[in-house]
Participant: 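To start, I am sharing the structure in question, which I have written as structure tokens.
All figures in this text were calculated on a predicted structure; none of them were measured in a lab. Numbering of ligands and ligand atoms starts at 1, following listing order.
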Amino acid sequence: SEGISQPDAPEAFEGRAKGDLFAKFDELIAMREGLLASGVEDPFNLVMEKVLSPTRAICNGRETILLGTYNYMGMTFDEDVIAAGKEALEKFGSGTTGSRVLNGTYQGHKECEDALKEFYGMDHAMVFSTGYQANLGIISTIAGKGDYVVLDIDSHASIYDGCAMGRAEIVPFRHNDIEALEKRLKRIPADAGKLVVLEGVYSMLGDVAPLKEMIRVSKEAGAMVLVDEAHSMGFIGEHGRGVAEDQGVLDDVDFVIGTFSKSVGTVGGFCVSNHPDFEIMRLVCRPYVFTASLPPSVVATAATSIRKLMHGSNKRAHLWENSRTLHKGLKDLGFQLGTDEPQSAIIAVIMPDLTKGAQMWEALLKEGLYVNLARPPATPANMTLLRCSLCAEHSDEEVSTILGMFERAGKAVGII
Ligand code: PMP
């Protein structure tokens, strides 16, 4: 990318023996060295020395406002959540030391699954150790060799990895393009097993999928539908069930995937479903069977948080307000944003290139603001993005402080 000094290849890659397994990383190593040589702080090596609240931490000795944590509902410091975690830690110990199908199912795992069933109003819930494993497990188990997975090209890595693990045929379609999805589905043999995988909110640009139409064309083609609601759970929809709820199509979704690492405020993943045979998954899904279950303190915090999120409408309203204020403020300052209107709690600020993006990221950090730097190849259209994710616990005053920081940093770096 323009402006980043690239160490010339022979020198950087000198000393590699033939067949060196690390040779495949040489280009990335050179890119990283180039970025650090330009003098910026390493954007991928930040340490939070102390965390003060869902919206504040001490980073590199500075008090910093957090605007890139996916902690949408600010549940990480909720008193009831912390109390539940402490109690479970004391009563049940620090870990289960076992798989869910052996010695790793405690009362707390069942209570967590009950909370999820109630939250979504669905018959079955299965808790995984991470959201990554939930996608990996469900997709690889239901879509095997000879089956087709039709997915949005901007799908999360865990979705692609699930397809690879199951060895299904991957059929990508253009991001959020209903017609492209329909065309792809028509080309697949009518009697083949088909799974359409969608996300409610796409985390790079913070845009929402047209699930209603997409689910309609998927069902017409006889496909099952899986929706990853990682970035919408707790926030979008009347009860915070996500984009499918908001668009009135939750009943048509076969599998909802979610995570505890965002709105729920801890770690873990899940799948909820009304499929009558869903429980068989517990025996055949390898990323569920062959790994240790979540610690009792984690499932206790998750269950408490999920139950509180059912009654989180005031928090949801404030989070929408924050999203609208930040989006309008950044737009008025002259920043280029990922969406014309705020669609979620993620607001992506598009940077002209990686160098300016890294400089802007650092300038914001020095102002006392943390955002996520996202760069190619992880981003759509090879964009460099500063991704902001808002929290229901950001006050009005914090949002206006954030806008002041963006204004000063943007002017200093020469972006606005
Ligand atoms: N799906 C999506 C869309 C995500 O963005 C993420 C995490 N960023 C995951 C799944 C994985 O969640 P977890 O952090 O629980 O592994």
Side-chain angles (χ1 to χ4, degrees), residues 44 66-73 75-76 100 109 112-113 116 125-140 149 151-165 172 175-176 195-209 211 214 225-236 241-244 253 255-272 285 287-288 291-295 298-299 301-303 305-306 309 338 343-348 371-375 378-380 385 387-391:
F44 305 109
L66 303 174
L67 190 69
T69 63
Y70 299 141
N71 191 356
Y72 301 121
M73 296 294 278
M75 299 307 281
T76 49
R100 283 297 303 274
H109 297 83
C112 193
E113 287 173 346
L116 282 166
M126 191 168 160
V127 167
F128 290 78
S129 298
T130 64
Y132 177 90
Q133 280 165 281
N135 270 329
L136 192 72
I138 296 294
I139 295 171
S140 68
V149 179
L151 46 68
D152 188 295
I153 195 141
D154 289 347
S155 292
H156 190 260
S158 54
I159 293 171
Y160 277 102
D161 292 355
C163 297
M165 186 173 158
H175 177 58
N176 271 353
L195 176 69
V196 172
V197 178
L198 306 166
E199 294 177 34
V201 170
Y202 285 86
S203 68
M204 284 295 156
L205 297 176
D207 54 334
V208 158
L211 288 185
M214 288 186 152
V225 177
L226 178 151
V227 181
D228 180 335
E229 297 269 17
H231 294 277
S232 42
M233 181 195 186
F235 171 42
I236 294 180
R241 291 171 188 159
V243 175
V253 176
F255 310 97
V256 174
I257 296 282
T259 174
F260 299 159
S261 72
K262 305 186 195 306
S263 284
V264 177
T266 175
V267 68
F270 64 87
C271 179
V272 292
C285 181
Y288 178 83
T291 196
S293 65
L294 288 168
V298 170
V299 280
T301 53
S305 179
I306 291 161
L309 289 175
Q343 297 185 16
S344 68
I346 299 172
I347 293 168
V371 299
N372 286 147
L373 175 65
R375 56 160 180 83
T379 48
L385 304 169
R387 276 179 316 150
C388 306
S389 54
L390 285 147
C391 177

Participant: Keeping the roles fixed (side chain from E113, backbone from V127), state whether a donor-acceptor pair exists under 3.5 Å.
Facilitator: yes
Participant: Does any donor atom in the side chain of H231 or Y72 lie under 3.5 Å from an acceptor atom in the other side chain?
Facilitator: yes
Participant: Identify, with sequence neighbours excluded, every residue that meets ring pair (Phe, Tyr, Trp, His ring centres under 6.0 Å) alongside H175.
Facilitator: Y202
Participant: Name the residues in contact with ligand 1, where contact means a heavy atom under 4.0 Å away: which are they?
Facilitator: T130, G131, Y132, N135, H156, S158, E199, D228, A230, H231, T259, S261, K262, G268
Participant: Name the residue from L226, D161, D228, I257 that meets the side-chain contact (heavy atoms from CB on, under 4.5 Å) definition with I139.
Facilitator: L226
Participant: Which value, rounded to the nearest 0.5 Å, describes the distance between L205 atom CG and R387 atom CZ?
Facilitator: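 Output value for this atom pair is 9.0 Å.
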Participant: Before you tell me yes or no, could you show the steps for S203 and Y70 under side-chain contact (heavy atoms from CB on, under 4.5 Å), namely the whole-Å CA-CA distance, both residues' side-chain angles and the distance that decides it to 0.1 Å?
Facilitator: CA-CA 10 Å; S203 68; Y70 299 141; 4.2 Å; yes
